[in-house]
Number of protein chains: 2
Amino acid sequence: MSPLTVTELAAWTGFLRLHQRLARELDAELEQAHGLSLGDYDVLTQLESADGHRLRMADLADAVLLTRSGLTRLVDRLQHRGLVERVKCSSDQRGMHAQLTEEGLARLHAARPTHLAGVRRGFLDELSQDETRALADLWARLGA
Amino acid sequence: MSPLTVTELAAWTGFLRLHQRLARELDAELEQAHGLSLGDYDVLTQLESADGHRLRMADLADAVLLTRSGLTRLVDRLQHRGLVERVKCSSDQRGMHAQLTEEGLARLHAARPTHLAGVRRGFLDELSQDETRALADLWARLGA
DNA sequence: CCCTGGTAGTTGCGCGATCAACGACCTGCT
DNA sequence: AGCAGGTCGTTGATCGCGCAACTACCAGGG
C-alpha cells in the first residue's frame, strides 16, 4: 500500500480534525444554551421531519446512526424529560414509536437558532455557494 | 436565523453522517485486524512523525484533539500494552514525554496498510485529484 | 527569598455509547 | 397447527471520554 500524498493526507486528516473540533464546539454551545446534546437535537430533528412527528425506534436509530441500544437509552432520557414519548405500534406488537411531544417541539424550535448559527459560523459561512453544492454532491456520492 | 437551504443542509449533514459511518467502519476494521482503535493509531502516528519518536503529553493531546485527561488514559493503555513508554522530561520536572517503543512502531507499520486501504476505499478513491486538493485547501481554511 | 499566578499531568466521577444476550413477537414452511 | 429463523426493543456489563479538582512544579515580582 503506497503512502498517502501530502494533499491526500491533508484532505483526510482535515476532515477528521474539523469534525472533532466542530462536534465538540457545537455540542457544548447547545448544551449550555438549551440543555440539549447534539444527539438530542439530532433525534428531535428527525422526529420533527417525520410523518406525525413519530418514528419507529429502528428507523430512528438508522437515521441518527446509533445502535438500537444506544437509541433506546437516548429516548429514555428524552422521555424522562418529557420531550418525547413512546407509543405502541399498532401493526406490530413488538414495535414502538418515538413520538415528539409539544414540549419537545418547543425545545427544538428554541434551540434551532443557536444551532444554525453555530453551523454557519463554523462551517457554512466559509463556503462559497459553489463549494456548498460541490460538498453536498460529494457526500451524496460517498454515501452510495 | 433563516433556515438552511436544502443544499446547505446536505453539505452539513452529509459531512456528519459520513464521518460517523467512516469512523465506525475504520475503527472496527483496525480493531479486528490489529487490535488498535483509531485513537491508538492516531497517537502512534503522531509519535512516529515526531522528533525522536516522542512528544510532550500536552502537545500530543493537542495533536489528536483529546483533553489532557483523555490522553493520560489512552497513553496508560498503550503503555500497559508496551507500545509506548513514559519518559520524564529533563527540562521540566512536571513534564512527561510519550515515547514510541520498538514494538509500538512495529505495530503501527503492521496496521498502516489496513488503515490506508480503508481510508482510500471509503474516502479518497471517490475523489478526483482536483477534489482532493480542493478539500485539503478547504479544511486548511476552516482550521484558521 | 518567598509568594502568587499559571501550567503539566493525573485522578474521581458521571455520562453516553457499544456489544452480547435476552424475551417477545412476527413470518413462512411443512 | 406448530415450528424455525429472523426482527424489535430492552437490559447488563464494560469501555472511553470530558469535567472538575488535585498535586507538583515553574516563573516573575516584591
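Labels below follow one simple rule: chain letters A, B, ... track the order of the sequence lines, proteins then strands, and each chain is numbered from 1.
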Sorted by number, the residues of residues 46-66 of chain A with heavy-atom contact under 4.0 Å to DNA chain D: A/R56, A/M57, A/A58
Please give, in whole Å, the distance from C/dA24 P to A/M96 CE? 15 Å
Tell me which nucleotide among C/dC26, C/dC19, D/dG18 gets nearest to the side chain of B/S69. D/dG18
State plainly whether the residues B/E131 and A/R141 are in salt-bridge range, i.e. N to O under 4.0 Å. yes
Does B/G70 reach a base, just sugar-phosphate, or nothing at all? Heavy atoms under 4.0 Å. sugar-phosphate
Could you tell me how far apart B/D76 (CG) and D/dC17 (P) are, to the nearest whole angstrom? 11 Å
Do the side chain of B/R121 and the main chain of B/L116 share a donor and acceptor less than 3.5 angstrom apart? no
Heavy-atom closest contact (A/L74 atom, A/G39 atom, distance): CD2-O, 3.9 Å
Would you call the rings of B/F15 and A/F15 parallel, tilted or perpendicular, where under 30° means parallel and over 60° means perpendicular? perpendicular
N/O donor to acceptor pairs below 3.5 angstrom from side-chain atoms of residues 65-73 of chain A, sequence neighbours left out:
from: A/T72; atom 1: OG1; to: A/R68; atom 2: O; distance (Å): 3.0

Hey, does the side chain of B/R77 come within less than 4.0 Å of D/dC17's phosphate (OP1/OP2), counting only N and O? yes
Integer-rounded Å distance: D/dG18 P and B/R68 CZ: 12 Å
Could you walk me through whether B/L18 and B/F123 pass the side chain to side chain contact (heavy atoms under 4.5 Å, CB included) test, one step at a time? CA-CA 9 Å; B/L18 179 67; B/F123 192 70; 4.0 Å; yes
For C/dC19 and B/R24 - does any side-chain N or O of the residue sit under 4.0 Å from the phosphate oxygens OP1/OP2? no
Any donor-acceptor pair under 3.5 Å joining the side chain of B/T67 to the base of D/dC19? no
Between A/E48 and A/H109, is there a side-chain donor-acceptor contact under 3.5 Å, judged purely by atom types and distance? yes
Whole-Å gap separating P (D/dG9) and CG (A/L74): 15 Å
To the nearest angstrom, how far is A/D92 atom CG from C/dC26 atom P? 5 Å
Assert: residue with more 5' nearest nucleotide on DNA chain D, out of A/R94 and A/R86, is A/R94
Starting at atom CG of A/L38, determine the distance to atom P of D/dG18, rounded to an integer number of angstrom. 14 Å
B/D42 CG to D/dG16 P, straight-line distance once rounded to whole Å: 16 Å
Spacing between B/R81 atom CZ and D/dG16 atom C1', to the nearest angstrom: 13 Å
Of A/E31 and A/S91, the one whose closest nucleotide on DNA chain C sits nearer the 5' end is A/E31
